[in-house]
Participant: 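Sending over a structure as structure tokens; questions will come in a sec.
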Amino acid sequence: MSSKRSRSRRTRRLSWATLVGLAGVTLLGATGCDTVARISFSERRFNNVQPVSFGAAGGQCEGLTQGGEIGFVLMANDNTPIKPGEAISQGTVNLDRNSVTFNDGAVYATPDRVCASADECPDSFLCGVGQDGAQDIGNRCYVTSTVSAASDPEYIGQDQASHAFGVLVSRAGSWRGFLPSEVAALDRVANEMTGGEYPVIAGPDTPPRGGRATDGNNRRYSALSGLVSNWGDVSSLVRESGRESLFGLWTYGGSSGTIFSHVNATTGGQLWTGSIPGVDSAVRDMTSENISEGNRNFLYGAILTVLDQGFTDTRVADFESRTLVVLTDSPDAFQSTSNSAQNVITRANELGVSIMLVHVDPALDNNLLRDDFIYYQGKPTCTSDDECRNYETCRQPQFFRTPNSPTDSVQYPADTEAAYCLPTRDENGRIGPVAEFQEIACATGGTYSYVPAAEIPLMRNALEHLPAYVEAGWKVDVSLGATDTDVLFPGEAFRLQSVMSVDVGSTNDTFSFAQKGSVSGASGADPAAADTRATFFTAE
């Protein structure tokens with residue numbers, strides 16, 4: 001189904017919690033186990049606002065033209081989401097345009113450009129910190145921008161539906177710093193012949209290396225625990241209203257799109273579980289070191305397999321709310337006509353599944369990375385960047401030869417003069433936001449979160465409230481002044497800095513989209529460990 005149809009259907013629903021809350025009935029909220037705690041609606045308080053997405057308004061998935069929309073969830077002090085009409089914080093929830101405000105607007109170029117003066121920035125960009133108190137991060141290229149709510153917030157929660165909530169986690173070797181084995185076994189040689197030979201730059205490099213590991217310590221599993229806990233709290237609400245909430249957990253690795261269901265492994269034949277102990281067992285199975293990792297990221301193939309396996313399962317056949325969260329550290333390595341972003345969009349919409357992509361892209365050592373010849377084998381050559389995806393550059397690939405082979409031979413590429421569309425990384429080894437990921441999320445009514453560091457607080461921040469958003473999400477149209485100018489080049493990614501403030505009843509909370517943003521406990525030398533700026537793409 002389209003995101004527009006999904007949203008219009010959701011807004012027609014009247015929250016069950018609204019009906020019972022106004023009658024003074026108590027809420028049953030989970031505490032993270034099968035025991036539930038009772039708390040009166042009159043005692044519930046607005047605790048915090050958590051944005052989960054920022055994209056083009058009205059389902060225009062090509063990117064922002066004049067403004068965008070922010071998807072968010074309002075959380076109460078009992079870890080449950082807040083819905084319209086509920087009695088909370090000494091008031092009744094009834095958000096309007098004045099309930100949501102923004103300030104301190106700035107838009108940054110991507111990748112971040114460290115600068116000493118505006119001469120080093122794109123046209124019309126300034127050079128500075130762009131935020132009070134951010135001097136330790138250093139000067140970056142940015143433009144100031146007005147940011148304001150352009151509509152009343154709209155409730156898009158699916159609180160009348162049963163939920164099929166699936167999670168798919170990549171187990172590609174890149175998380176721990178492995179190279180694809182065929183590439184790692186080769187000598188890297190210079191792209192230029194000198195003295196009639198291609199000098200060796202580096203020999204085989206087969207062990208995992210921390211400098212190229214996107215998450216060498218498996219911190220993503222700790223971050224996922226926040227999502228699991230939130231699902232437990234939300235699922236208790238769902239069950240108390242007479243609906244079902246089922247959880248599925250898959251991982252994938254290798255080069256064949258093979259997926260592994262951890263619910264199946266722990267239940268003996270089921271793909272979905274509705275119990276918190278069942279989810280906990282599946283998560284423990286996922287973290288087992290006995291499950292092998294793959295060489296490459298068969299992302300789209302794995303998503304398609306989970307869609308066809310998990311969301312055609314008879315157990316969820318009548319579920320109206322269908323969500324797949326995908327956690328990845330890189331784009332797909334096997335683009336083809338049968339394995340493409342468009343195929344993912346088409347199949348997800350056929351099955352009514354919203355895809356929420358969380359993309360972890362930490363700083364890496366470029367010197368330890370290698371071009372993968374599988375990426376461009378069988379693909380057409382290119383002559384300019386205009387033929388490539390937003391995270392690719394049209395260039396010559398690195399040259400490789402088999403160790404001990406003749407010094408004037410090159411095994412890859414076969415055509416030493418050819419250029420291909422290949423991933424390009426910034427000076428910190430990041431690929432950057434991926435436009436295809438944003439398109440998949442937008443076209444399926446999902447979300448895309450770009451996470452520039454593999455720190456637990458930052459990853460947890462991107463994952464934790466997704467179940468609550470499905471049950472009781474909101475969105476608000478946002479006017480962004482910078483998109484009304486010619487400053488932002490179409491087709492590129494940018495990052496928005498602002499402070500979002502929401503009033504619920506007599507209580508206010510803010511979320512800071514910033515380089516030193518709303519991520520508690522962020523640590524590490526990388527400033528991106530607390531970078532919560534919203535990512536967006538621009539359109540013509």
Side-chain angles (χ1 to χ4, degrees), residues 3-18 21-22 41 44-60 64 66-76 80-105 146-161 234 321 354 356 441-442 445-449 465-481 483 496 498-513 518 532 534 536:
S3 59
K4 282 188 176 180
R5 286 205 303 269
S6 177
R7 284 176 183 143
S8 63
R9 186 186 67 233
R10 294 172 194 168
T11 56
R12 288 197 299 268
R13 299 188 180 118
L14 181 61
S15 162
W16 166 84
T18 299
L22 295 178
F41 273 115
R44 291 177 78 219
R45 298 186 305 278
F46 171 42
N47 195 51
N48 61 315
V49 56
Q50 289 291 330
V52 299
S53 68
F54 180 51
Q60 301 300 312
L64 274 64
Q66 294 182 325
E69 70 179 31
I70 290 179
F72 62 96
V73 64
L74 305 173
M75 298 301 296
T80 58
I82 297 170
K83 305 175 184 181
E86 290 184 347
I88 194 164
S89 294
Q90 300 178 353
T92 300
V93 180
N94 182 24
L95 302 188
D96 59 25
R97 187 178 304 195
N98 295 325
S99 303
V100 182
T101 58
F102 298 86
N103 57 32
D104 298 334
T146 57
V147 187
S148 61
S151 69
D152 290 342
E154 179 184 351
Y155 182 68
I156 57 172
Q158 301 184 67
D159 60 348
Q160 296 294 300
V234 172
S321 170
S354 296
M356 296 178 161
C442 176
T447 62
Y448 172 46
S449 296
H465 296 93
L466 297 181
Y469 181 69
V470 171
E471 169 72 1
W474 301 75
K475 72 178 181 71
V476 63
D477 291 340
V478 176
S479 174
L480 191 62
T483 59
L496 171 66
S498 186
V499 177
M500 178 180 182
S501 177
V502 179
D503 295 323
V504 178
S506 61
T507 308
N508 170 272
D509 187 57
T510 62
F511 184 93
S512 180
F513 296 100
S518 301
T532 58
F536 68 94

Participant: Got P84 and N94 here, is their nearest side-chain heavy-atom distance under 4.5 Å?
Facilitator: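 Result no, sub-4.5 Å side-chain heavy-atom pair not found.
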Participant: Distance from S354 atom OG to Q158 atom CD, nearest 0.5 Å?
Facilitator: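 These two atoms lie 6.5 Å from each other.
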Participant: Would you sort out whether N508 and D503 count as a side-chain hydrogen bond (donor to acceptor under 3.5 Å, both in side chains), showing the intermediate values?
Facilitator: CA-CA 4 Å; N508 170 272; D503 295 323; 2.8 Å; yes
Participant: Relative to the ring of W474, is the ring of F72 parallel (under 30°), tilted (30 to 60°) or perpendicular (over 60°)?
Facilitator: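 Rings of F72 and W474: parallel, under 30°.
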Participant: How long is the straight-line distance from CE of M500 back to CZ of F54, given to the nearest 0.5 Å?
Facilitator: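 F54 atom CZ to M500 atom CE measures 10.5 Å (nearest 0.5 Å).
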Participant: Would you give the length of the straight line joining atom CG of N48 to atom NE2 of H465, rounded to the nearest 0.5 angstrom?
Facilitator: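 It is 5.5 Å, given to the nearest 0.5 Å.
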Participant: Please confirm whether the backbone N or O of S506 pairs with a side-chain atom of S89, one donor and one acceptor, at under 3.5 Å?
Facilitator: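 No: the side chain of S89 does not pair with the backbone of S506.
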Participant: Tell me if a side-chain donor or acceptor on D509 pairs with a main-chain N or O of V49 at a distance below 3.5 Å.
Facilitator: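 Yes, because the side chain of D509 sits within donor-acceptor range (under 3.5 Å) of the backbone of V49.
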Participant: Can you confirm whether the side chains of T80 and R44 place a donor and an acceptor under 3.5 Å from each other?
Facilitator: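 Side-chain D/A pair, T80 to R44: present.
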Participant: Side chains of P81 and M75: closer than 4.5 Å at any heavy-atom pair?
Facilitator: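 When only atoms from C-beta onward are counted, M75 and P81 do touch, with a gap below 4.5 Å.
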Participant: Compute whether any side-chain donor of one residue and acceptor of the other, for T447 and S53, lie under 3.5 angstrom apart.
Facilitator: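 No, S53 and T447 have no side-chain donor paired with an acceptor closer than 3.5 Å.
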Participant: Going from CD on Q50 to OG on S518, what distance comes out if it is rounded to the nearest 0.5 angstrom?
Facilitator: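 The CD atom of Q50 sits 7.5 Å away from the OG atom of S518.
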